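A short write-up of the structure that comes next.
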Protein chains: 2
Amino acid sequence: MTKQQGDAARRPPGMTDVARAAGVSAQTVSRVLSGHPHVREQTRADVMAAVARLGYRRNNAARTLSSGRSRAIGVVTLRTTFYSRAAVTSGIESAAQAAGYTVSTATTSSLDTSAIEDALSRLTDQGVEGIILSVPLIHTSPRLEQLTRATPTLTIDGSRTGATEVVAVDQSLAARLATRHLLDLGHETVWHLAGPEQWLEAASRRDGWRATLEAAGRAVPPPLEGDWSPASGYRGGLVLGRIPDATAVFVASDEMAFGVVRALRESGRRVPEDVSVVGVDDIELAEYCAPPLTTVAQPFAQMGELAVAHLLRYIAAPETVPEPASVEPRLVVRASTAAPAAAVTG
Amino acid sequence: MTKQQGDAARRPPGMTDVARAAGVSAQTVSRVLSGHPHVREQTRADVMAAVARLGYRRNNAARTLSSGRSRAIGVVTLRTTFYSRAAVTSGIESAAQAAGYTVSTATTSSLDTSAIEDALSRLTDQGVEGIILSVPLIHTSPRLEQLTRATPTLTIDGSRTGATEVVAVDQSLAARLATRHLLDLGHETVWHLAGPEQWLEAASRRDGWRATLEAAGRAVPPPLEGDWSPASGYRGGLVLGRIPDATAVFVASDEMAFGVVRALRESGRRVPEDVSVVGVDDIELAEYCAPPLTTVAQPFAQMGELAVAHLLRYIAAPETVPEPASVEPRLVVRASTAAPAAAVTG
DNA sequence: CAACCCGTTGGCATCGATAACATTCTCTGC
DNA sequence: GCAGAGAATGTTATCGATGCCAACGGGTTG
């Protein structure tokens, strides 16, 4: 910054300008603006008037520097267009905003630990007060540990990484709900199209599915694996279409389920008459699949809000390790599931 | 900040600490860190070593305050889970990141001018260098004009608001592509399920559709209106299902198109044999609709990148009003469209 | 009547870095 | 061997707001 005094026109007014205009000290202006109690009503009014007249706005950088608080939180996410990401993010944004915090985003396009570390470090360098890691991390690393030590960080649906994992949907329950539903309908067993192994959610769902089958004493078919895309669901569906025994499938995401359904029909198997399909997420389109998709709804927005609430508490008391919280998924039964053709109903 | 000298342990190292450790002045440290040319190789190495040893990170707030540059841009979006929003945002984020900029998000849940103004002002208060307004604004306002005067702002797909609208998909072309495709297949005319009127995109598509029909000398059926949700598409589809003449529909979004398709089928009309349907967006699931949806793809990510490129140029030269750019949509033909049953083909 | 309390307000140092300016050093070329 | 260009580095003022402390004035209290 230069001491450009000649052409003073273009510099936005500072607190001193306001102070001068209101006939008080800069300190008082600061008090008024931060709602400090001990300020005479008249003074406050004068200051506010001056503020309005000059169109003054507090300089955030200066505030942050001086007070040591940035009033900003950061979010690390994967750069995808998944419904879940959008929904969680929107929950985070609305909660943060309501709490007077600003949200900065750092995205990564890969799941590499180093890529995630970079994103994290971009945020800490920016001086955010806390970070929500909304990435399906599995591995931790020294650098990551170090970064999360410096800034309160919590993880949504990743595994414990030293960054305390705090908010998560009980994925195992989600899988259980889906699998049980199919078994209850009378299916002998349930096949599974899982998500990519590196994703903790995918792993939890797979485990929950397997556990449910085992608990019921059913055979556990080998799980197939997709990459969350509808295309991968389609490929999985083509395989399932060749397996006559497969009358029920639990698909790890709605998007893949769309692909599965299409593949099954192209393979000459009707849904739900020949094969029942359950997805996970309850994306808006699930109800408009043909047939409407039975699925397990996840309270994404709520997760985002919960994460922010936890994070703010964590920021306020960094020594307190936040308690993990988990939100419950909910089964939504639609038309893609039914009793198997040959089953004895009731 | 207090002069807490007793327990110096917990304060992160500053530039002075690094300078001392490296045996140079703070200024030199600054030069090294910002890649200034005139620094001896040895000195640079010493500084870097000290930086590494102390685990030093530059304080962003101080940097911003002192240099007057925040290296951050802001994005205003609607708090939705639409695919388009996610896709545009992800384009913005990746481009901004590549350019060394940070992204701050301010979302609004309503289209009120005042809600948008608030979001905008949250960003300017934060000191971002530029703003991308990715909101379907139609009206402008004095406050908005003022805010956009202070910070370089450009609009994606909103209407001109004083904030120069710069990057947009040629929606009218999108509509023309879809409508022409249906006419070319031999349909007598094309019906239209539009988006909400306040959305500029919706209006442009409607206009493009109408213009195409008029240019071809066809009757222009009254347009129906939805709210982008699949549910509203479903409602529109139920109406269309009752109209025997309706053999072709241009739906303003893929999500609504899913609803339309389902409603049509429930009304006993086959797609595409009885009714052809075209959507817009080319969401990932479009290919897995039953039948796969013909649609007009929009280059969302590219829009985001283009917007950032324009914005950065605008920031660099604020007096230059950025030239509007528009990106082209592309027709993707799938199975939801076909020649009308009775039509004489070829 | 002094000691004291409390609501208000101003003075001053400070946060951590950068810009402009000053200074020292190091080579050239004549 | 010395002037002078230009590289390398240090000094100082500032960016805009906040925190701590002191000061002021009127009302209590012992």
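Order of the sequence lines fixes the chain letters, A, B, ..., with proteins taken first and strands second; residue numbering starts at 1 for each chain. Predicted model, so just to flag it, every value in this text is computed and none were measured.
Using a 4.5 Å heavy-atom threshold, the side chains of L311(A) and I73(A) count as touching. Under the 4.5 Å side-chain criterion, counting only non-hydrogen atoms from C-beta, R79(A) is in contact with S94(B).
Annotation: side chain to side chain contact (heavy atoms under 4.5 Å, CB included) contacts of V75(B) (sequence neighbours excluded): T77(B), I92(B), V103(B). Considering only residues two or more places apart in sequence or on other chains, E41(A) meets the salt bridge (charged side-chain N to carboxylate O under 4.0 Å, His left out) condition with R44(A). Partners of A52(A) according to the side chain to side chain contact (heavy atoms under 4.5 Å, CB included) rule, which considers only residues two or more places apart in sequence or in another chain, do not exist here. Residues meeting the side chain to side chain contact (heavy atoms under 4.5 Å, CB included) test with A119(B), sequence neighbours left out: V76(B), A106(B), T108(B), R122(B). With sequence neighbours excluded, the residues that form a salt bridge (charged side-chain N to carboxylate O under 4.0 Å, His left out) with R85(A) are E93(B). In this view, A98(A) satisfies the side chain to side chain contact (heavy atoms under 4.5 Å, CB included) rule with no residue, not counting sequence neighbours. Here E305(A) pairs with nothing under the salt bridge (charged side-chain N to carboxylate O under 4.0 Å, His left out) rule; sequence neighbours left out.
Of the candidate nucleotides dG10(C), dA8(D), dT8(C), dT8(C) has the atom lying nearest to any side-chain atom of H38(A). With dT9(D), dG10(C), dA19(C) as the candidates, the nucleotide lying closest to the side chain of S67(B) is dA19(C).
What separates CG of N59(B) from P of dA17(D) is a distance of 17 Å, to the nearest Å. Remark: C1' of dC20(D) and NE2 of H36(A) are 12 Å apart, rounded to the nearest angstrom. Nucleotide dC15(C) holds its P atom 14 Å from the CG atom of L65(B), rounded to whole Å. Following rounding to the nearest Å, M15(A) (CE) and dC12(C) (P) show an atom-to-atom distance of 18 Å. For R63(A) and dG16(C), the CZ to C1' distance is 18 Å, given to the nearest whole Å. D17(A) has its CG atom 13 Å from the C1' atom of dA17(D), to the nearest Å. Residue Q27(A) contributes atom CD, which lies 12 Å from atom P of dA17(D) at whole-angstrom precision. For the pair E41(B) CD and dA7(D) C1', the computed distance is 14 Å after rounding to whole Å.
Interface residues of residues 28-35 of chain B facing DNA chain C, ordered by number: S30(B); criterion, heavy-atom separation under 4.0 Å. Sorted by residue number, the members of residues 46-56 of chain B with any non-hydrogen atom under 4.0 Å from DNA chain C read Y56(B).
In the helix from dC1(C)-dG30(D) to dC30(C)-dG1(D), the terminal helix axes, each the rotation mapping four pairs' C1' atoms onto the next four within five end pairs, subtend 50°, rounded to 10°.
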Identify every side-chain donor-acceptor pair in residues 23-40 of chain A under 3.5 Å, counting partners at least two apart or on other chains, and give the distances.
{"from": "S25(A)", "atom 1": "OG", "to": "Q27(A)", "atom 2": "N", "distance (Å)": "3.3"}
{"from": "S25(A)", "atom 1": "OG", "to": "T28(A)", "atom 2": "N", "distance (Å)": "3.3"}
{"from": "S25(A)", "atom 1": "OG", "to": "T28(A)", "atom 2": "OG1", "distance (Å)": "3.4"}
{"from": "S34(A)", "atom 1": "OG", "to": "S30(A)", "atom 2": "O", "distance (Å)": "2.5"}

Would you list the atom pairs, donor with acceptor, under 3.5 Å between side chains in residues 124-136 of chain A and any protein atom, with sequence neighbours excluded?
{"from": "T124(A)", "atom 1": "OG1", "to": "S121(A)", "atom 2": "O", "distance (Å)": "3.0"}
{"from": "D125(A)", "atom 1": "OD1", "to": "R57(B)", "atom 2": "NE", "distance (Å)": "3.1"}
{"from": "Q126(A)", "atom 1": "OE1", "to": "S104(A)", "atom 2": "OG", "distance (Å)": "2.7"}
{"from": "Q126(A)", "atom 1": "NE2", "to": "T102(B)", "atom 2": "OG1", "distance (Å)": "3.3"}
{"from": "E129(A)", "atom 1": "OE1", "to": "R69(A)", "atom 2": "NH2", "distance (Å)": "2.8"}
{"from": "E129(A)", "atom 1": "OE1", "to": "Y101(A)", "atom 2": "OH", "distance (Å)": "2.9"}
{"from": "E129(A)", "atom 1": "OE2", "to": "R69(A)", "atom 2": "NE", "distance (Å)": "3.4"}
{"from": "E129(A)", "atom 1": "OE2", "to": "R69(A)", "atom 2": "NH2", "distance (Å)": "3.4"}
{"from": "E129(A)", "atom 1": "OE2", "to": "S70(A)", "atom 2": "N", "distance (Å)": "2.9"}
{"from": "E129(A)", "atom 1": "OE2", "to": "R71(A)", "atom 2": "N", "distance (Å)": "2.6"}

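Only one option out of T155(A), V308(A), L306(A) pairs with V167(A) in a side-chain contact (heavy atoms from CB on, under 4.5 Å); it is L306(A).
Within the structure, every side-chain polar atom (N or O) of S66(B) is placed at least 4.0 Å from both OP1 and OP2 of dA17(C). Note on T16(A): every side-chain N or O is 4.0 Å or more away from OP1 and OP2 of dG16(D). At the phosphate of dT18(D), OP1 or OP2 sits under 4.0 Å from a side-chain N or O atom of R58(A). Contact between the side-chain N/O atoms of R40(B) and the OP1/OP2 oxygens of dA8(D) is not found at any separation under 4.0 Å.
Taking for each of V24(B) and A62(B) the nucleotide of DNA chain D with the nearest heavy atom, the 5'-most of the two is the partner of V24(B).
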